[in-house]
Protein chains: 2
Amino acid sequence: MNTANTGLAEERFRKIRACLKERGVVSVDELCEVVAVSGATIRRDLAELDARGHVRRVHGGAVCTESQLDEPVFDDKAKIAADEKHVIAELAFKLVAPNDTIFLDGGSSVLALARLLTDMRKLTVVTNSLRVAGLLASAGPRMIIVGGELRRISQTFVGPLTKPTIKQLNVDKAFMGTIGLKDGVMTTTDPAEAMTKEMVMEQARDVYLMADSSKLEKVSFVKCGELNASNSLITDSGISSKQMKLLKEKGTKVITKSKQEKKGK
Amino acid sequence: MNTANTGLAEERFRKIRACLKERGVVSVDELCEVVAVSGATIRRDLAELDARGHVRRVHGGAVCTESQLDEPVFDDKAKIAADEKHVIAELAFKLVAPNDTIFLDGGSSVLALARLLTDMRKLTVVTNSLRVAGLLASAGPRMIIVGGELRRISQTFVGPLTKPTIKQLNVDKAFMGTIGLKDGVMTTTDPAEAMTKEMVMEQARDVYLMADSSKLEKVSFVKCGELNASNSLITDSGISSKQMKLLKEKGTKVITKSKQEKKGK
DNA sequence: TCATTAATAATCAAATATAATCATATTTGA
DNA sequence: TCAAATATGATTATATTTGATTATTAATGA
């Protein structure tokens, strides 16, 4: 009955949203070129996407509502579920030794950890996150950035150019973020991002995945790693017992606040 | 003369906010230049941004209200001699073609150039400057960062770790800063910084040294390059005729703003 | 204080973008 | 296959945005 969902229009919607996610703001003219369609159609599409809440229509084009890109970097996703993220960051912080060399990935939980490290002058931080770099720019640990191409949505440097830097470095601990984690498999939205994550984890003695419980059971596009006996998950107490059991079977250590407390430190 | 302006209000808002974040305070006139739009429009935009709470309007311009918590409190040389630097940046900007791949070094003149590039979506910028990266983080050209260790005083990534990234890349033009330039010899304070500068210049087809006249005649610690027939100096009109003659002998092209061009308001 | 200068607000015409309308092309269901 | 329904692009009328012009208002200094 509704022929609108035959795929063609939705395909345009997907393109428009992808374009917006990448750029933050796009004009109708630019979208005409990208989608190869007339202005009238773009306007109709934008009206629909605006009604769905996927974009915000402005005179001359549209603004992305999905990513916080056009929002100031300091007011961001980190505020949502900030409490859980802070708890996770605190748990991770306890694992960092003063003279360690650690890797910090992108993602808000990891960023929360970075915030706790500003006094650790002997620490060496390796990162591919522009946010982390900005945070530790003026003072703090020795900082090394991984070369690569900026992925604006995640504000991380990713892709093949990250390889030569990463392969030269060995870190004691890698603190990783993820978009999804289901059945012990980490997934993310971008292949280049996934590639970099995998390389980093190879160079780390210990890998810690920092994921609040909203990430658990979620599946994204590209696989970027797998939890096993040689790495750990740091999460909040919202983890299901089913997940817990599954990870235990795999030999993955799960670190949560409640567990720490039960063990008596 | 400026690049094709999309004319999207939101795009202007983003630029204004970026400019404010960078400088803290900015005048309406300055914003007119940066955004390439009339005073009336800037005033209307500032009124809107003030209503949204993103900036605070004051007589003659606006001040930044957004928390600078995460921002590096990097004492900015850019505020000193800002006019000369802006002139130099404009001269350099004219040399950038839409599809170029360019390298941007650290230093305030180069940073001023970066500020002019936010509309050039087809450009590829390679940089080792955290400041440049921060400036182009939310929108603008394709951006690639060079891996390396952060040197806090210059906010650049330098040293041996920069080698693998740099050696993989070839750029059309490299825009370089320097601490000192005397007798055509560039010097800087740090060996690691010098090393990276030299490597970058090797990978560039054309090298442009951006140095305001206060840098001329100055000598610092480590040599990091030499001006010759295959590269150019972009500077202000404060350059001495003696320097000019010397550089001409070496075959270096000197680019300054001619007096005819300089008639302002 | 007042005079002077600079900045702003208000107004209006030109340039742009949008919405409404209609003709054409495409898809769907028989 | 056809006819009905829908989507698209072109056209035109309407609305919005912009920059120039002009009055007002605010800042500055003697």
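Numbered from 1 within each chain, the chains take letters A, B, ... in sequence-line order.
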Please state whether the phosphate of D:dG9, meaning OP1 or OP2, lies under 4.0 angstrom from any side-chain nitrogen or oxygen of A:Thr41.
yes
Within the distance-only criterion (no hydrogens, no angle test), does the side chain of B:Thr118 pair as donor or acceptor with the backbone N or O of B:Gly140 below 3.5 angstrom?
no
Taking atom P of D:dT6 as reference, at what distance in whole Å does atom CD of A:Glu10 sit?
16 Å
Whole-Å distance, B:Phe13 CZ to D:dT18 C1', equals 13 Å
Whole-Å distance, A:Glu11 CD to D:dT8 P, equals 13 Å
When you get a sec, tell me which of C:dA7, D:dG19, D:dG9 is the closest nucleotide to the side chain of A:Ala40?
D:dG9
Measuring from the side chain of A:Arg57 (C-beta onward, heavy atoms only), which nucleotide among C:dA19, D:dA10, C:dT8 has the closest atom?
C:dA19
Rounded to whole angstrom units, what separation is found between the CD atom of A:Glu48 and the C1' atom of D:dT8?
16 Å
Starting the side chain at C-beta, find the nucleotide from C:dT18, C:dA7, D:dG9 nearest to B:His59.
C:dA7
Whole angstroms only, please: what is the CG-P distance between A:Asp50 and C:dA19?
10 Å
Rounded to whole Å, CZ of B:Arg43 lies from P of D:dT24 at a distance of 18 Å
Partner of C:dA30 under the Watson-Crick or G-U wobble criteria, both distances under 3.5 Å, comes out as D:dT1
Would you say B:Arg57's side chain and B:Gly61's backbone share a donor-acceptor pair under 3.5 angstrom?
yes
Is a donor-acceptor pair below 3.5 Å formed from side chain B:Arg44 to base D:dG19, judging by atom type as modelled?
yes
Over how many whole Å does the gap from B:Leu46 atom CG to C:dT8 atom P extend?
9 Å
Rounded to whole Å, please give me the gap between CD1 in A:Ile42 and C1' in D:dA10.
16 Å
Atom NZ in B:Lys197, atom CG in B:Asp105: separation rounded to 0.5 Å?
3.5 Å
Nearest to the side chain of A:Val37 - D:dT8, D:dT18, D:dA20?
D:dT8
Are the side chain of A:Glu30 and the backbone N or O of A:Ser27 linked by a donor-acceptor pair below 3.5 Å?
yes
How many angstroms lie between atom CG of B:Asp206 and atom CD1 of B:Ile102, to the nearest 0.5 angstrom?
12.0 Å
